[in-house]
Amino acid sequence: MISGFDPAILAACLWLVVANVIGMLPSKDHHWGAARWLIGALVPLLAWVFWSEPWWLGLALLAAAASTLRWPVYFGWRWVRRRLGMKVSDTV
């Protein structure tokens, strides 16, 4: 372990770097396959950061991940609104 750095924060930074590199690569499925894997890795990582670090670092990781995975967040939010019976426009 590097002195002064927590492994949860290092793992979160590594996740962010990998997610951004994947986003820069060309993809035929518009990165949806990679997004599924990234979200699957993000859930336990968020739990680890929230558990071992101050809450605001967990929120910072959540905001950075939402910024990186903005389209899955957008379509997920639309899905939630539809399930709650709210009106959702079909334009992006």
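Just so you know, residue 1 is the first one in the sequence shown, and it goes up from there.
- Considering every non-hydrogen atom in both S27 and D29, the closest pair reads OG-OD1, 2.6 Å.
- Distance check: I9 CD1 to L57 CG gives 4.5 Å after rounding to the nearest 0.5 Å.
- At a threshold of 4.5 Å between non-hydrogen side-chain atoms, the residues V18 and L14 count as touching.
- Shortest non-hydrogen contact noted between L59 and F50 is N-CZ, 3.6 Å.
- Rounded to the nearest 0.5 Å, atoms CH2 (W48) and CG (L61) are 11.5 Å apart.
- Remark: side-chain polar atoms of H31 are paired, donor with acceptor, to backbone N or O of L25 under 3.5 angstrom.
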Legend entry - Candidate pair Y74 and W71, rule ring-ring contact (aromatic ring centres under 6.0 Å, His included), full reasoning: CA-CA 5 Å; Y74 173 76; W71 285 111; 5.4 Å; yes
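- Counting heavy atoms from C-beta on, the side chains of T68 and L38 never come closer than 4.5 Å.
- A pairwise comparison of heavy atoms in A8 and V49 identifies O-CG2, 3.8 Å as the closest pair.
- The hydrophobic clustering, which links ILVMFWY residues whose side-chain heavy atoms are closer than 4.5 Å, places L42 and V73 apart.
- In this structure, the separation between CH2 on W77 and CE on M86 is 6.5 Å, given to the nearest 0.5 Å.
- Taking CG of L46 as the start and CD1 of I39 as the end, the distance is 11.0 Å to the nearest 0.5 Å.
- The hydrophobic cluster containing W51 also contains L62, counting ILVMFWY residues as joined when their side-chain heavy atoms lie under 4.5 angstrom apart, directly or transitively.
- Within 6.0 Å of CH2 on W32 lie more than 12 heavy atoms contributed by other residues, nucleotides or ligands.
- When the shell of 6.0 Å around CZ of R81 is examined, it contains more than 12 heavy atoms from other residues, nucleotides or ligands.
- If you take CG on L16 and OG on S67, they are separated by 9.5 Å, rounding to the nearest 0.5 Å.
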